[in-house]
Amino acid sequence: MKLILCLRKRPVPLGPIPALYNFVLLLASIVMFVGCLQSAIAEIAETRWLWQRSKTSFEWILCFPLGTRPAGRVFYWSYVFYLSKFYEFIGTFILLLQKRNPSMGHVLRNAMVVVMCFLWLQFAQSLQILTLLSTTGLYIIMYLYLCACRLGYAPHLDNVMRYCQIAQYVIMLFASIGLVGLHYKKQGCSGMGAWLFGAVMDVSLLPFILIMDKQRKPKVVFTSGKDSSANLKTE
């Protein structure tokens, strides 16, 4: 598809499709955030008697007990989040149609998140509640900002997406430290192999976000002509 689009010099007019795509992701993120939060609160209230002697409610959010099955209301929202990752691939096609080449970090991140979400469900990975809440919470902020920019209600700021991703990395770093501590201090946590895979992938993708995903600055090109000020172009 990218090869075909290279033959086209101008971007494909998409009209309101990009704005609609962002709006759907905004609504989906709000639904997933609220649904997961309510499910986690209800799950804690109903199952606390099983583990309250060994850990607190926050420790349960970080560390599922060994033997946890990937079923129930909390994992329902993890499955919805997993399916939403396939919808996000549409964003890559939108960038290609707009003649805006997606960065390597963008493509790799989208592909690896699908794999990591599958492992959440397959192995009942610990820490997934906090990951889901932090990700959808940051998505709400990002897509509210993008929608406001498209409607002209907010100024365009450079690298907002990248800074949101970095903020999530910091949050999950501290949460992962807490998870490892609970795993060795308590009776172990569920899905640590899946968590380790995800941690390795996050660390390997971090250089792309910090270095390669910087927003390109407009390049000023001077064309020949009598009035140079009238012949400035940006690329």
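The first residue in the sequence is number 1, and the count goes up from there.
Using a 4.5 Å heavy-atom threshold, the side chains of Leu179 and Met192 count as touching. A 4.5 Å side-chain heavy-atom check between Met172 and Leu127 finds at least one atom pair inside the cut-off. Side-chain contact check for Cys36 versus Thr136: every heavy-atom pair is 4.5 Å or farther apart. The shortest distance between side-chain heavy atoms of Ile61 and Ile44 falls below 4.5 Å.
Here Ser134 contributes atom OG and Phe33 contributes atom CZ; the two are 9.5 Å apart, rounded to the nearest 0.5 Å. The CG atom of Leu182 sits 12.0 Å away from the CD1 atom of Ile177 when rounded to the nearest 0.5 Å.
Partners of Pro18 under the side-chain contact (heavy atoms from CB on, under 4.5 Å) rule, at least two apart in sequence or in another chain, are Leu14, Ile94, Gln98, Arg150. Phe86 is linked by a ring pair (Phe, Tyr, Trp, His ring centres under 6.0 Å) to Tyr82, counting only residues two or more places apart in sequence or in another chain. In this structure, Ser84 has no side chain to side chain donor-acceptor pair (under 3.5 Å) partners at least two apart in sequence or on a different chain. With sequence neighbours left out, Ser190 forms a side chain to side chain donor-acceptor pair (under 3.5 Å) with no residue at all. Scanning for ring pair (Phe, Tyr, Trp, His ring centres under 6.0 Å) contacts around Tyr139 gives Tyr143, with sequence neighbours left out. In terms of the ring pair (Phe, Tyr, Trp, His ring centres under 6.0 Å) criterion, residue partners of Tyr87 (sequence neighbours excluded) are, by chain and number, Tyr21. Remark: Ile141 engages Leu138 in a side-chain contact (heavy atoms from CB on, under 4.5 Å) (not counting sequence neighbours).
Residues in residues 30-40 take part in these side-chain hydrogen bond (donor to acceptor under 3.5 Å, both in side chains) pairs, two or more places apart or across chains: Ser39-Trp77. For residues 174-206, the set of pairs meeting the ring-ring contact (aromatic ring centres under 6.0 Å, His included) definition, not counting sequence neighbours, is empty. Residue pairs meeting the ring-ring contact (aromatic ring centres under 6.0 Å, His included) criterion with at least one member in residues 109-128, sequence neighbours excluded, are Phe81-Trp120. Sorted by first and then second residue, the salt bridge (charged side-chain N to carboxylate O under 4.0 Å, His left out) pairs with a member in residues 61-78 read Glu43-Arg73, Glu46-Arg73; sequence neighbours excluded.
In plain terms, the two heavy atoms of Lys85 and Cys117 that are nearest each other are CG-SG, 4.1 Å. Closest approach of Leu121 to Ser78, counting heavy atoms only: CD2-CB, 3.7 Å. The minimum heavy-atom distance linking Ser126 with Leu62 is given by the pair CB-O, 3.3 Å. Of all the heavy atoms in Cys63 and Gly188, the pair that sits closest is SG-O, 3.7 Å.
Note: the hydrophobic cluster containing Tyr76 does not contain Leu37 (ILVMFWY, side chain heavy atoms under 4.5 Å, direct or indirect links). Cluster membership check: Leu173 does not share its hydrophobic cluster with Met116, using side-chain heavy-atom separations under 4.5 Å among Ile, Leu, Val, Met, Phe, Trp and Tyr. Under the 4.5 Å side-chain heavy-atom criterion for Ile, Leu, Val, Met, Phe, Trp and Tyr, Phe58 and Val180 are members of the same hydrophobic cluster. Placement of Ile17 and Leu20 within a single hydrophobic cluster is found when ILVMFWY residues are connected by side-chain heavy-atom separations under 4.5 Å, directly or transitively. Under the 4.5 Å side-chain heavy-atom criterion for Ile, Leu, Val, Met, Phe, Trp and Tyr, Met112 and Tyr169 are members of the same hydrophobic cluster.
Put simply, the side chain of Thr68 gets close to the backbone of Pro65: a donor and an acceptor are under 3.5 Å apart.
Residue-environment remark: OH (Tyr79) stays at or below the threshold of 12 foreign heavy atoms within 6.0 Å.
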N/O donor to acceptor pairs below 3.5 angstrom from side-chain atoms of residues 23-30, sequence neighbours left out:
from, atom 1, to, atom 2, distance (Å)
Ser29, OG, Leu25, O, 2.7

